[in-house]
Amino acid sequence: MKSFYISTAISYANAAPHIGHAYEAIGADVMARFKRLDGYDVYFVTGTDEHGQKVEKSAQLAGKKPQQFVDEVAALFEGMCRSMNVSYDQFIRTTAESHKKSCQAIWKKMEEKGDIYLNKYAGWYSTRDEAFYTEADLTTLPNGKKISTETKTEVEWMEEESYFFRLSAYTDKLLALYEQQPDFVQPGFRKNEVVSFVKQGLRDLSVSRTTFDWGVPVPGALKHIMYVWVDALTNYITALGYPDTNAEKFKKYWPCDVHLIGKDIIRFHAIYWPAFLMSAGIPVQKRVFGHGFLLTEGEKMSKSLGNVISPENLIVKYGVDQSRYALMREATFGQDGDISYTLMTTRINAELANNLGNLVQRTLSMIAKNCDAKVPTPGILEDVDKALLQKAGQAMLVAVRAEFEKMQFSKAIEEFISVSHAANLYIDEQAPWTLKKTDPARMATVLYVLAEVIRNLGLIIQPFTPVAAQKILDQVAVAANERDFGFIGEAHALKAGMPLPAPSGVFPRIIEDTANSSGSAAAKTA
RNA sequence: GGCGGGGUAGCUCAGUGGUAGAGCAGAGGAAUCAUAAUCCUUGUGUCGCCGGUUCAAAUCCGGCCCUCGCUACCA
C-alpha cells in the first residue's frame, strides 16, 4: 500500500489557537482524508512548538511554570483540532522527552558532518523588539545612535557565543534540489521567491542561544539551548521515531510527502530544513506547500479591529462540516483568501443547502413516497442517464483527484458541485413527478440514476464534510465498508430493492439574523 | 532600491494572437418533486494608461501608473 505522510506546522504555544490554525489543520485534514479514501496508508501529524524565549515569557506573564503553561496551550490546540474534526494520527509536542533525544541526535549528526562550529553571534540588537537587525535595517541619527528604521527603537551592538550551522555550504545543493524536484516548493510563485533568496548566497546560521533556558540543551554544551527552528523542524522526524531510522514508521513514511505550512515560514521549511536533513544524512522531504492567510473584508483579523472570526464562532454559526467547507471553498489554497460571514453564508446556502442538500432531499423524498422506500429498480438506461452516471463516476474522481494533487481544494469542490448541478438539471428535464403519472417505470429509472449520483457525491465529499457525507451515504444504504473511492463508479452501483431509511435534511439553509448579520445567526434545523 | 506576481462585468476570478467568459449578486420567465429550494434567459465591460509590432492584441514588445509578495536568525 502506498504511504502518504502529511504534516502541519506545529503551532507556537504562546497563545490560543485562531482561525489561521484551524485553516491549516483543516487543509491538512482534507488532504489526509482524501488520500486515505483514495487507497493510501496515511500518517498525519500536527502538534505544538513549545520551546523558546517567547513561551518562557508568556508563561512568566501568566504566572505559570513553562511546562504547565504549554500543557494548557497544547490542550487548547488539540481541542481545536478535535472540534474541527481533524483526523490527525499523532499530536506531537516538542517538550516530549522523545523529541529532545531526537533533536540532540540530529544535532550530533550535523556536528559529525562538520557543519556545526562555535563562534560569536554579533549584531545590532533592539531590546524592545527582541530582534537583531542588519545594517540595512538601521538609520543612524545625527547624534551617532542607531535605530531600527521600521520600529524606531534604539539598537546596541551585542555579541553572544553561539554555535553556527554551515548553511553557506548548502547553497548549491539546495539550488540543485529545487532544480531536480520542481514541485519541492509550492505554489510555484513561492518557489521563485525561495530560489532567488538562495541565489543571493546563504550565510551560516546561528543555531544556539545562551540567553534563556526553555529549550533543548545542546549536547556537550549545556549552557547552549538549540535555536528553536532546529528544535521545531525536527518534530517531523521525531514523530516517526527518529533517531531510530529503522523504526517502522520512519521506514514507512519518511520522506514526508508534504509539509503544509503558512507562507510566513516557507524559508525555514524550504531552505533550513532540507539543509539540516542533508547534513544529517537523512533524505529530504518531497514537498513544502505554503498556504496563504485568511483576511476578512480585505484586512488582517485583529482584536483591535474587532473583526476576528474565531473557529468557535464558525462552528456555532454554521456547524463543523459547513465551516470546513466554507474555509476550503472560499480561498484559493496557496493565496490569501477573504472570508466574511456574508460570503460564507452565501456559499454554504448556494452550494451545500440549495444545490447539493436539496438535490439529496428532493430525490430521496420522491423515492420514499413513490418507490416503497427502496432503491428503485431501473429499466433500460437512456443516453442522458448514462451521461450523468459517467459524469458522476470515474470522471468526477479523476478530475477531483487532479485538483488534490495540486492541493487546489476549491477547484476540487467546483468539480463535484458541477455534478450536483447537472443532477438538478437532469431532474428538471426528466420531471419524475410527471413520469409518476405517465410512465412509472421510467420514473423509477430516473430516481435510480439520481440515487446513484447521490451515492457518488456522498463518497467524494467525505474529505470536506465527513459527518454530513456519512448521513448521505446512510440514506442511500451504502455499507460502512463500501465508502472509499474504490467504490466510486458503476461497478459498485446501488442494488435495486435495498430498503432505505426515512430521508432527513443534511445541509440546512443558514438563515441570517438581519438584526445582527455579523454575529449569531442560527441555522434552521431541518 | 533589487527580483517576482497582479491590475478583465457590481463581487471573486478564468481566459497568452482571430468576433470578450464562468460562478455569485441583480432582472425576467418556466416548473412545483424538494431546504421560498430547482431550471432557463439576461452581461454594449475604455480587458490599468500611452505607444509599437501584426491583416488581427486582453493575449507579443517598450514606457508609465497602481497594487501585492520576497529581499535571513521573534516564530
Residues that Asp439(A) engages under salt bridge (Lys or Arg N to Asp or Glu O under 4.0 Å), provided they are two or more places apart: none
Met366(A), nearest nucleotide to its side chain (from C33(B), G4(B), A75(B)): C33(B)
Atom-to-atom span, CG of Asn192(A) to P of G6(B) - whole angstrom: 11 Å
5'-most contact on RNA chain B (nearest-nucleotide basis), Ala353(A) vs Glu330(A), goes to Glu330(A)
Enumerate all atom pairs, one protein N or O and one N or O from nucleotides 38-40 of chain B, separated by less than 3.5 Å.
from: U38(B); atom 1: O2'; to: Arg362(A); atom 2: NH1; distance (Å): 3.1
from: U38(B); atom 1: O2'; to: Asp428(A); atom 2: OD1; distance (Å): 3.1
from: U38(B); atom 1: O2; to: Asp428(A); atom 2: OD2; distance (Å): 3.0
from: C39(B); atom 1: OP1; to: His421(A); atom 2: NE2; distance (Å): 3.2
from: C39(B); atom 1: O4'; to: Asp428(A); atom 2: OD2; distance (Å): 2.9

For C24(B), take OP1 and OP2 only and decide whether either is under 4.0 Å from a side-chain N or O of Arg347(A). no
Between U19(B) and G45(B), how far apart are the two C1' atoms, rounded to whole Å? 16 Å
Verify whether one side chain among Arg509(A) and Asn358(A) offers a donor that lies under 3.5 Å from an acceptor in the other. no
Ring centers of Phe197(A), Phe268(A) separated by less than 6.0 Å: no
In whole Å, I'd like the distance from the CG atom of Leu447(A) to the C1' atom of A34(B). 12 Å
Atom CD1 of Ile511(A) and atom C1' of A37(B): how far apart are they, to the nearest Å? 11 Å
Expressed in angstrom and rounded to an integer, what is the separation of Leu352(A) atom CG from A34(B) atom P? 21 Å
How far, in whole Å, is C3(B) from C40(B) if one measures between their P atoms? 50 Å
Just verifying a value: how many Å separate Ile460(A) CD1 and Met396(A) CE, rounded to the nearest 0.5 Å? 4.5 Å
Work out how far the C1' atom of C24(B) is from that of A14(B), and round it to whole angstrom. 15 Å
Sorted by position of nearest nucleotide on RNA chain B, 5' first, the leading residue of Arg329(A) and Asp204(A) is Arg329(A)
Would you mind telling me which of A37(B), A75(B), C73(B) lies closest to the side-chain atoms of Arg209(A)? C73(B)
If you compare every side-chain N and O of Lys369(A) against the phosphate oxygens of A34(B) (OP1, OP2), does one of them come in below 4.0 Å? yes
Side-chain contact check for Trp433(A): nearest option of G4(B), U35(B), C33(B) is C33(B)
Can you name the residues that form a side-chain contact (heavy atoms from CB on, under 4.5 Å) with Ala451(A), not counting sequence neighbours? Ile367(A), Leu494(A)
How would you label the contact of Leu202(A) with the nucleic acid (heavy atoms, under 4.0 Å): base, sugar-phosphate, or nothing? base
When both distances are under 3.5 Å in a Watson-Crick or G-U wobble arrangement, the nucleotide paired with G45(B) is none
For Glu429(A), which contact category applies under a 4.0 Å heavy-atom criterion: base, sugar-phosphate, or nothing? nothing
For atom CD1 of Ile271(A) and atom P of C73(B), their distance in whole Å: 13 Å
Taking atom P in both C74(B) and U59(B), what distance in whole Å separates the two? 44 Å
Between C61(B) and U53(B), how far is it from one C1' atom to the other, in whole Å? 7 Å
Taking the P atom of each, how far is G51(B) from G15(B), in whole Å? 28 Å
Same-atom distance (P) from A27(B) to C33(B), integer angstrom: 26 Å
Can I get a per-line list of side-chain donor-acceptor pairs under 3.5 Å for residues 9-21 of chain A, giving both atom names and the distance, sequence neighbours left out?
from: Tyr12(A); atom 1: OH; to: His51(A); atom 2: O; distance (Å): 2.7
from: His18(A); atom 1: ND1; to: Gly20(A); atom 2: N; distance (Å): 3.0
from: His21(A); atom 1: ND1; to: His18(A); atom 2: N; distance (Å): 3.0

So what's G69(B) paired with, Watson-Crick or G-U wobble, going by both distances under 3.5 Å? C3(B)
Would you classify Asp338(A) as touching base, sugar-phosphate or nothing, given that sugar-phosphate means primed atoms plus P, OP1 and OP2, and contacts are heavy atoms under 4.0 Å? nothing
With a 3.5 Å limit on both atom pairs, tell me what U19(B) is paired to, counting Watson-Crick and G-U wobble, or say none. none
Among C24(B), C74(B), C73(B), the nucleotide that comes nearest once only the side chain of Lys54(A) is considered: C74(B)
Atom CD of Gln335(A) and atom P of G4(B) are separated, to the nearest Å, by 19 Å
Is the centre of the Phe333(A) ring less than 6.0 Å from the centre of the Tyr23(A) ring? yes
At under 4.0 Å between heavy atoms, what does Tyr227(A) touch on the DNA or RNA strands: base, sugar-phosphate, or nothing? sugar-phosphate
C24(B) pairs with which nucleotide, Watson-Crick or G-U wobble, both distances below 3.5 Å? G10(B)
With sugar-phosphate meaning primed atoms plus P, OP1 and OP2, does Ser206(A) contact a base, only sugar-phosphate, or nothing at under 4.0 Å between heavy atoms? base
Of Tyr272(A), Tyr170(A), Tyr121(A), Trp273(A), the residue whose pairing with Phe165(A) passes ring pair (Phe, Tyr, Trp, His ring centres under 6.0 Å): Tyr170(A)
Under 3.5 Å on both distances, the Watson-Crick or G-U partner of U59(B): none
A75(B) C1' sits how many Å from Phe212(A) CZ, rounded? 11 Å
Interatomic distance, Ile454(A) CD1 vs U35(B) C1' [rounded to whole Å]: 14 Å
Counting the atoms with a prime plus P, OP1 and OP2 as sugar-phosphate, which does Tyr12(A) contact under 4.0 Å by heavy atoms, base, sugar-phosphate, or nothing? sugar-phosphate
What nucleic acid atoms does Lys263(A) come within less than 4.0 Å of, heavy atoms only: base, sugar-phosphate, or nothing? nothing
Inter-nucleotide C1' distance (U54(B), C60(B)), Å rounded: 9 Å
Tyr236(A) and His269(A): aromatic ring centres closer than 6.0 Å? yes
For Asp474(A), side-chain contact (heavy atoms from CB on, under 4.5 Å) partners two or more places apart: Arg483(A)
Among A75(B), C73(B), G69(B), which nucleotide sits nearest the side chain of Arg203(A)? C73(B)
Scan Gly201(A) against the nucleic acid and name what it touches under 4.0 Å (heavy atoms): base, sugar-phosphate only, or nothing. base
Run the side-chain contact (heavy atoms from CB on, under 4.5 Å) test against Thr296(A) and tell me which residues pass, sequence neighbours left out. Met301(A), Asn307(A), Ile309(A), Ser340(A)
